[in-house]
Participant: 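Got a structure for you, written out below as structure tokens; questions coming shortly.
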Amino acid sequence: MVLWSSQQFNFIALPDRFCTGSSIMPQKKNPDVPELIRGKTGRVNGHLIALLTLMKSQPLAYNKDNQEDKEPLFDAIDTLANCLTALIGMVPNIQANKDVMLDATLKGFTTATDLADYLVRKNVPFRDAHELVGQAVQLAVRLGKGLEELSVEELNGPGHRVIESDIYEVLTLQGSIASRDHLGGTAPNQVRQAIARARANI
Amino acid sequence: MENSTSQTPLADDGGSLRGRFNEATDEFVQVFTASIDFDQRLYREDIAGSIAHATMLETINVLTKAELDQIVTGLQNIQAEIESGRLQWRVDLEDVHMNIEHRLIELIGDTGKKLHTGRSRNDQVATDIRLHLRSSIDGLVEQQGQLLTALADLAESNADTIMPGFTHLQAAQPITLGHHLMAWFEMLRRDRERLMDCRKRLNQLPLGAAALAGSPYKPDRGLVAELLGFDGVCDNSLDAVSDRDFAIEFCAAAALSLTHM
């Protein structure tokens with residue numbers, strides 16, 4: 001959340017009431033709550049180590065040492081409860097910046113694996129396909145284009161003619177996502193099924 | 001039955017636990033060893049445990065029915081005093097157990113002194129902590145359920161939202177935000193299962209182990225377990241008073257959960 005709400009990512013917007021300002025920089029919207037949750041991990045890890053150390057080498061049975069079990073345990077309970085309370089308040093109010101996410105996906109040659117998988121379906125061994133796609137990405141970087149903006153000739157390169165015009169459907173983001181259509185995959189209908197299974201388990 | 005107003009005077013220092021000593025506890029030691037500042041949050045469990053213990057003592061003829069009624073009423077009154085902020089916690093009484101027992105004796109007299117028959121603070125506190133952690137886990141599991149539902153809702157409304165999936169924080173392959181959120185769902189679901197699993201192992205009754213060896217009153221530990229909602233009783237009296245595995249398991253589960261959050 002901290003990373004995604006930064007200006008550099010800008011994937012999500014956190015609700016204002018869970019953020020704070022800066023004492024000097026008027027423009028700041030700091031994600032203090034997710035940061036604190038991140039920071040609180042340290043104290044709970046510390047409590048775990050404290051208890052493990054406390055119990056090591058105690059002779060049976062009760063020793064006064066055991067009185068030291070309470071504060072770490074109680075604080076671990078309270079910290080986890082508070083962090084859950086914060087997330088229960090924040091999660092339903094997270095705004096996804098869908099355009100920014102889409103743009104970031106288009107820019108990252110994220111369908112390169114799909115191009116390789118296309119070549120595999122055309123009987124190119126995967127290792128060779130990996131190499132060919134690497135060359136296509138290199139060309140696209142040089143031309144400042146996305147893979148889907150290259151011509152069929154550019155995609156094929158000098159050595160072969162395996163790629164045809166049906167490649168452009170494969171190189172769409174929707175096509176890429178829809179192709180991962182199996183249990184645990186990212187295809188939207190699989191995600192919906194996963195959500196339905198998950199709800200039954202809550 | 002004894003007259004509830006007649007009572008032998010208590011020593012001023014540390015309740016009545018200093019019969020074998022010739023001097024009072026050092027003031028620093030009193031503060032250094034006291035736990036009342038933080039164990040007072042166990043008062044509900046301590047009182048519930050005492051009521052269950054007393055109920056059992058009546059069935060094995062250690063207490064009369066009238067004495068049991070006095071003790072139960074006294075403990076209920078103390079709970080009301082605590083919850084309305086009227087009970088003054090005393091450091092010289094060390095801990096929550098002695099504070100409540102001392103107040104009980106103030107309220108109902110000598111009958112109150114019989115409550116601790118066949119019991120030690122060792123098995124008493126082990127019982128209190130287990131009860132407290134059990135109800136805490138129940139609350140946390142409920143909260144985790146709410147968070148999981150919120151994640152599933154957000155994932156559902158973003159099942160078609162395209163984003164880059166990352167490896168090495170470099171754009172890797174297209175995924176949906178819904179898919180990404182469901183990855184968090186899986187982590188938090190496992191965290192929840194770990195707490196439920198911890199609850200299973202902690203839900204055994206230590207009371208009846210007394211100091212470490214058991215007690216000669218042949219306590220009906222099964223009855224106490226049933227009254228307090230335990231699934232069974234700790235099998236070994238030494239282990240019953242010494243075991244803190246459940247606290248470690250809980251902290252391990254909490255630490256991993258915080259790692260995920």
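Reminder, nothing fancy here: chain letters follow the sequence lines and each chain counts from 1.
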Participant: Looking at A:F74, is B:R41 sitting on its ring face, NZ or CZ under 6.0 Å from the six-membered ring centre and within 45 degrees of the normal?
Facilitator: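 Here B:R41 passes the 6.0 Å and 45° test against A:F74.
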Participant: Listed by residue number, which members of residues 206-216 of chain B have a heavy atom under 4.5 Å from any heavy atom of chain A?
Facilitator: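 Checking residues 206-216 of chain B against chain A gives B:L212.
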Participant: Let me know if B:M261 has heavy atoms under 4.5 Å from chain A in its side chain, its backbone, both or neither.
Facilitator: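 Backbone plus side chain of B:M261, per the 4.5 Å heavy-atom cut-off to chain A.
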Participant: Looking only at side-chain N and O atoms, does A:T85 offer a donor or acceptor that is under 3.5 Å from a partner on B:Q143?
Facilitator: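 The answer is yes; a qualifying pair exists.
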Participant: Of the listed residues (A:L102, A:L106, A:L87, A:L3), which shares the most heavy-atom pairs with chain B below a 4.5 Å separation?
Facilitator: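 Highest number of heavy-atom pairs under 4.5 Å: A:L87.
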Participant: Count the heavy atoms belonging to other residues, nucleotides or ligands that lie under 6.0 Å from CD of B:Q79, then report whether that count exceeds 12.
Facilitator: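 Correct, the count exceeds 12.
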Participant: Hey, is NZ on A:K29 packed in by over 12 heavy atoms from elsewhere, all under 6.0 Å?
Facilitator: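 Correct, the count exceeds 12.
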Participant: I'd like to know which of A:N189, A:D69, A:I177, A:T113 tops the heavy-atom pair count under 4.5 Å against chain B.
Facilitator: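 Top option by heavy-atom pairs under 4.5 Å: A:I177.
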Participant: Given 3.5 Å as the limit, does a donor-acceptor pair link the side chain of A:N63 with the main chain of A:A61, or not?
Facilitator: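 Such a contact is found between A:N63 side chain and A:A61 backbone.
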Participant: Compile the donor-acceptor pairs under 3.5 Å between side chains in residues 159-171 of chain B and protein atoms, sequence neighbours left out, one pair per line.
Facilitator:
| from | atom 1 | to | atom 2 | distance (Å) |
| --- | --- | --- | --- | --- |
| B:D160 | OD2 | A:R192 | NH2 | 2.4 |
| B:T161 | OG1 | B:N158 | OD1 | 2.7 |

Participant: For the backbone of A:L14 and the side chain of A:N93, can you confirm whether one donor and one acceptor N or O come within less than 3.5 Å of each other?
Facilitator: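 Side chain of A:N93 to backbone of A:L14, a donor-acceptor pair under 3.5 Å: no, none is there.
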Participant: Please tabulate, one pair per line, all N/O donor-acceptor pairs under 3.5 Å involving side-chain atoms of residues 183-193 of chain B, not counting sequence neighbours.
Facilitator:
| from | atom 1 | to | atom 2 | distance (Å) |
| --- | --- | --- | --- | --- |
| B:W184 | NE1 | B:H180 | NE2 | 3.2 |
| B:E186 | OE1 | B:R189 | NE | 3.4 |
| B:E186 | OE1 | B:R189 | NH2 | 2.7 |
| B:R189 | NH1 | B:E193 | OE2 | 2.8 |
| B:D191 | OD1 | B:R194 | NH2 | 3.3 |
| B:D191 | OD1 | B:H260 | ND1 | 3.0 |
| B:D191 | OD2 | B:S257 | OG | 3.3 |
| B:D191 | OD2 | B:H260 | ND1 | 2.9 |
| B:R192 | NE | B:V141 | O | 3.1 |

Participant: Flag the one option from A:L60, A:L173, A:I37, A:N66 with the top tally of heavy-atom pairs under 4.5 Å to chain B.
Facilitator: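 Between A:L60, A:L173, A:I37, A:N66, the count favours A:N66.
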Participant: Measure distances from A:Q174 to the heavy atoms of chain B and classify the residue's part below 4.5 Å as side chain, backbone, both or neither.
Facilitator: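 The answer is both parts of A:Q174.
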Participant: Given that the side chain runs from C-beta out, which part of B:L177 has a heavy atom under 4.5 Å from chain A: side chain, backbone, both or neither?
Facilitator: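 For B:L177, the contact with chain A is made by the side chain alone.
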Participant: Under 4.5 Å, counting heavy-atom pairs only, tell me which of A:K70, A:E71, A:M55 racks up the most with chain B.
Facilitator: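 Winner by heavy-atom pair count: A:E71.
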Participant: Among A:G185, A:A196, A:G89, which residue forms the greatest number of heavy-atom pairs with chain B at distances under 4.5 Å?
Facilitator: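 With the most close heavy-atom pairs to chain B, the winner is A:G185.
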Participant: Determine yes or no for a side-chain-to-main-chain donor-acceptor pair under 3.5 angstrom, with A:Y168 supplying the side chain and A:V152 the backbone.
Facilitator: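 Side chain of A:Y168 to backbone of A:V152, a donor-acceptor pair under 3.5 Å: yes, one is there.
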Participant: Has B:Q40 got a side-chain atom pairing as donor or acceptor with B:I36's backbone, closer than 3.5 angstrom?
Facilitator: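 The answer is yes, because a donor-acceptor pair under 3.5 Å joins these two groups.
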Participant: Side chain, backbone, both or neither: which part of A:K107 has an atom under 4.5 Å from a heavy atom of chain B?
Facilitator: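 A:K107 has no heavy atom closer than 4.5 Å to chain B.
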Participant: Side-chain polar contacts of residues 44-53 of chain A - donor-acceptor pairs under 3.5 angstrom, sequence neighbours left out - could you list them?
Facilitator:
| from | atom 1 | to | atom 2 | distance (Å) |
| --- | --- | --- | --- | --- |
| A:H47 | NE2 | A:D75 | OD2 | 2.6 |
| A:T53 | OG1 | A:I49 | O | 2.6 |

Participant: Ring of B:F230, cation from B:R134 - is the NZ or CZ under 6.0 Å from the centre and inside 45° of the axis?
Facilitator: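 Yes.
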Participant: What part of B:L42 is in contact with chain A, defined as an atom under 4.5 angstrom from a non-hydrogen atom: side chain, backbone, both or neither?
Facilitator: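 Only the side chain of B:L42 comes within 4.5 Å of chain A.
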Participant: State, without any angle test, whether A:Y118 and A:D166 hold a side-chain donor-acceptor pair at a distance under 3.5 Å.
Facilitator: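 On atom types as modelled, these side chains qualify, holding a pair under 3.5 Å.
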Participant: Please flag which part of A:R38 lies under 4.5 Å from any non-hydrogen atom of chain B: side chain, backbone, both or neither.
Facilitator: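 No part of it gets close to chain B.
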Participant: Report yes or no: does A:D114 contribute a side-chain atom to a donor-acceptor pair with the main-chain N or O of A:V170 at less than 3.5 Å?
Facilitator: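 Looks like no, no N/O pair under 3.5 Å.
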Participant: Would you mind checking which part of B:I129 comes under 4.5 Å of any heavy atom in chain A, side chain (CB onward), backbone (N, CA, C, O), both or neither?
Facilitator: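 Contact with chain A involves the side chain of B:I129 alone.
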Participant: Against chain A, label B:I248 side chain, backbone, both or neither, depending on which of its atoms sit under 4.5 Å from a heavy atom there.
Facilitator: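 Contact with chain A is through both the backbone and side chain of B:I248.
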Participant: What residue in A:D103, A:T79, A:T41 has the most heavy-atom pairs under 4.5 Å with chain B?
Facilitator: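 Heavy-atom pairs under 4.5 Å are most numerous for A:T41.
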Participant: Donor-acceptor check, side chain of B:S135 to backbone of B:H132, threshold 3.5 angstrom: yes or no?
Facilitator: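 Between the backbone of B:H132 and the side chain of B:S135 there is a qualifying donor-acceptor contact (under 3.5 Å).
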Participant: Given heavy-atom pairs under 4.5 angstrom as the criterion, report whether the side chain, backbone, both or neither of B:F250 touches chain A.
Facilitator: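 Contact with chain A involves the side chain of B:F250 alone.
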Participant: Identify which of B:T33, B:L133, B:L151 forms the greatest number of heavy-atom pairs closer than 4.5 Å to chain A.
Facilitator: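 Option with the top pair count is B:T33.
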Participant: Using non-hydrogen atoms and a 4.5 Å limit, figure out which bit of B:A253 sits close to chain A: side chain, backbone, both or neither.
Facilitator: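 Neither part, no heavy atoms under 4.5 Å.
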Participant: Which atoms of B:A155 come close to chain A, meaning under 4.5 Å heavy atom to heavy atom: side chain ones, backbone ones, both, or neither?
Facilitator: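 Both parts, backbone and side chain.
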Participant: Quick check on the interface: out of B:D95, B:L238, B:D245, who has the most heavy-atom pairs with chain A under 4.5 Å?
Facilitator: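 Of the options given, most contacts go to B:L238.
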